[in-house]
Student: 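Before we start, here is the structure in question, set down as structure tokens.
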Amino acid sequence: VRRALLCAQAETIGLPLEEVCIPIQASNAIYEEAMRAMLMRYLAYGVRRVIFGDLFLQDIRAYREIRLAQLEMSGLFPLCARDTSQLAREFIASGFRAILVCIDPAQIDPAFCGREFDEPLLAALPPTADPCGENGEFHTFVYDGPIFQRSIRITRGEIVKRDGFWFCDLVPANA
């Protein structure tokens, strides 16, 4: 997803955006150091808890908890252990709109790339796919919903295969 769309998303939701930049194909050590440095800045402001949207990947949760504990911080996981089928349907029913922007073709058909995340998509997913893509089946870009001041205007661009994954380029409509 283009950086301009990430910035537009944060702006229309009304939240500050802090990017943690790491090089392409960075090692885990580089990633961890960049995250530690950012978290240390927040720790200096008195922040002690960090919220994550992880759903059920317990190994990822344990990893986050260990890293946070090293900084005397803790994690909040409000979506953890939620039924992902129900969560996906609540997301759609609440008025959120999203597009599948990255597909793992080893898990779902590349034809899903660029599709709207909606009830017809959920019905078409294979039974092995998690409805929220929690196992890396897909990633989405959310462009509208009840927390947005306005919808982010986008145009679907080129769909390409790169590094074994399929990507749908989203272009800001005013670009």
Side-chain angles (χ1 to χ4, degrees), residues 1-13 15 17 19-28 30-31 35 51-64 77-148 150-175:
V1 173
R2 295 171 186 239
R3 186 173 180 268
L5 291 174
L6 174 65
C7 292
Q9 193 179 50
E11 186 267 325
T12 193
I13 292 172
L15 293 175
L17 173 66
E19 297 175 74
V20 178
C21 297
I22 58 174
I24 294 172
Q25 297 182 351
S27 68
N28 200 50
I30 291 172
Y31 165 79
M35 290 300 294
I51 298 175
F52 296 95
D54 301 311
L55 298 172
F56 57 74
L57 299 177
Q58 292 301 320
D59 55 333
I60 301 294
R61 180 178 177 157
Y63 168 82
R64 295 188 196 290
F77 301 86
L79 301 177
C80 190
R82 291 275 313 268
D83 176 288
T84 55
S85 180
Q86 179 185 354
L87 189 60
R89 284 173 173 73
E90 286 175 17
F91 177 86
I92 294 164
S94 295
F96 285 100
R97 299 193 62 203
I99 294 175
L100 275 66
V101 294
C102 178
I103 301 296
D104 179 352
Q107 299 190 62
I108 64 172
D109 191 305
F112 284 101
C113 197
R115 281 189 59 179
E116 190 77 18
F117 184 81
D118 55 15
E119 286 289 346
L121 177 123
L122 294 179
L125 284 173
T128 56
D130 181 75
C132 291
E134 185 67 355
N135 294 309
E137 297 92 339
F138 59 86
H139 296 279
T140 61
F141 176 75
V142 181
Y143 64 93
D144 198 8
I147 62 173
F148 286 65
R150 66 189 167 287
S151 179
I152 299 171
R153 295 183 53 231
I154 52 174
T155 302
R156 286 172 181 82
E158 188 177 16
I159 295 178
V160 298
K161 185 177 184 182
R162 187 175 63 245
D163 300 326
F165 293 87
W166 285 90
F167 297 90
C168 177
D169 184 23
L170 297 180
V171 182
N174 58 353

Student: Do F96 and T140 have side-chain heavy atoms sitting under 4.5 Å apart?
Tutor: no
Student: Begin from the C-alpha positions of L17 and E11 and carry the test side chain to side chain contact (heavy atoms under 4.5 Å, CB included) through to its verdict.
Tutor: CA-CA 8 Å; L17 173 66; E11 186 267 325; over 6 Å; no
Student: So which heavy atom on V171 is nearest to which on R2, and how close?
Tutor: CG2-NH2, 3.6 Å
Student: Measure the spacing between CG of D109 and CH2 of W166 and express it to the nearest 0.5 Å.
Tutor: 10.0 Å
Student: Would you check if L5 and P172 make a side-chain contact, meaning some heavy-atom pair closer than 4.5 Å?
Tutor: yes
Student: Taking all non-hydrogen atoms of both residues into account, name the closest pair between L55 and C132 and its distance.
Tutor: CD1-CB, 3.6 Å
Student: Once you measure the plane-to-plane angle for F91 and F117, does it fall in the parallel (<30°), tilted (30-60°) or perpendicular (>60°) bin?
Tutor: perpendicular
Student: For Q25, look at atom CD and say whether over 12 heavy atoms of other residues, nucleotides or ligands are found less than 6.0 Å away.
Tutor: no
Student: Just wondering, more than 12 heavy atoms not from R82 lying within 6.0 Å of its CZ?
Tutor: yes
Student: Can you give me the closest heavy-atom contact between V101 and V1, atom names plus distance?
Tutor: CG2-CG2, 3.9 Å
Student: What distance separates L121 CG from I108 CD1, expressed to the nearest 0.5 Å?
Tutor: 7.0 Å
Student: Indicate yes or no for a side-chain donor-acceptor contact from T12 to the backbone of R150 under 3.5 Å, with no hydrogens or angles considered.
Tutor: yes
Student: As an exercise, state the distance from CZ of F141 to CD1 of I99, rounded to the nearest 0.5 Å.
Tutor: 8.5 Å
Student: Taking all heavy atoms of F138 and all of D130, pick out the closest pair and write down the distance.
Tutor: CE2-O, 3.6 Å
Student: What's the shortest heavy-atom distance between P131 and T84, and which atoms?
Tutor: CD-OG1, 3.5 Å
Student: For Y31 and V20, what are the C-alpha separation, side-chain angles and deciding distance, and is it a side chain to side chain contact (heavy atoms under 4.5 Å, CB included)?
Tutor: CA-CA 9 Å; Y31 165 79; V20 178; over 6 Å; no
Student: Could R61 and F52 be counted as a cation-pi pair, given that NZ or CZ must be under 6.0 Å from the ring centre and within 45° of the axis?
Tutor: no
Student: I'd like to check Q58 versus C80 (side-chain heavy atoms, cut-off strictly below 4.5 Å). Are they in contact?
Tutor: yes
Student: Would you say the side chain of L100 lies within less than 4.5 Å of the side chain of C168, judging by non-hydrogen atoms?
Tutor: no
Student: Measure the SG-CD1 distance between C113 and I103 for me, rounded to the nearest 0.5 Å.
Tutor: 5.0 Å
Student: Calculate, to the nearest 0.5 Å, the distance between atoms CD and CD1 belonging to Q9 and I147 respectively.
Tutor: 8.0 Å
Student: Where the side chain of E137 meets the backbone of L125, is there a donor-acceptor pair that is under 3.5 Å apart?
Tutor: no
Student: Name every donor-acceptor pair, under 3.5 Å, that has one atom in a side chain of residues 154-161 and the other anywhere in the protein, sequence neighbours excluded.
Tutor:
residue, atom, partner, partner atom, Å
R156, NE, G114, O, 2.6
R156, NH2, E116, OE1, 3.2

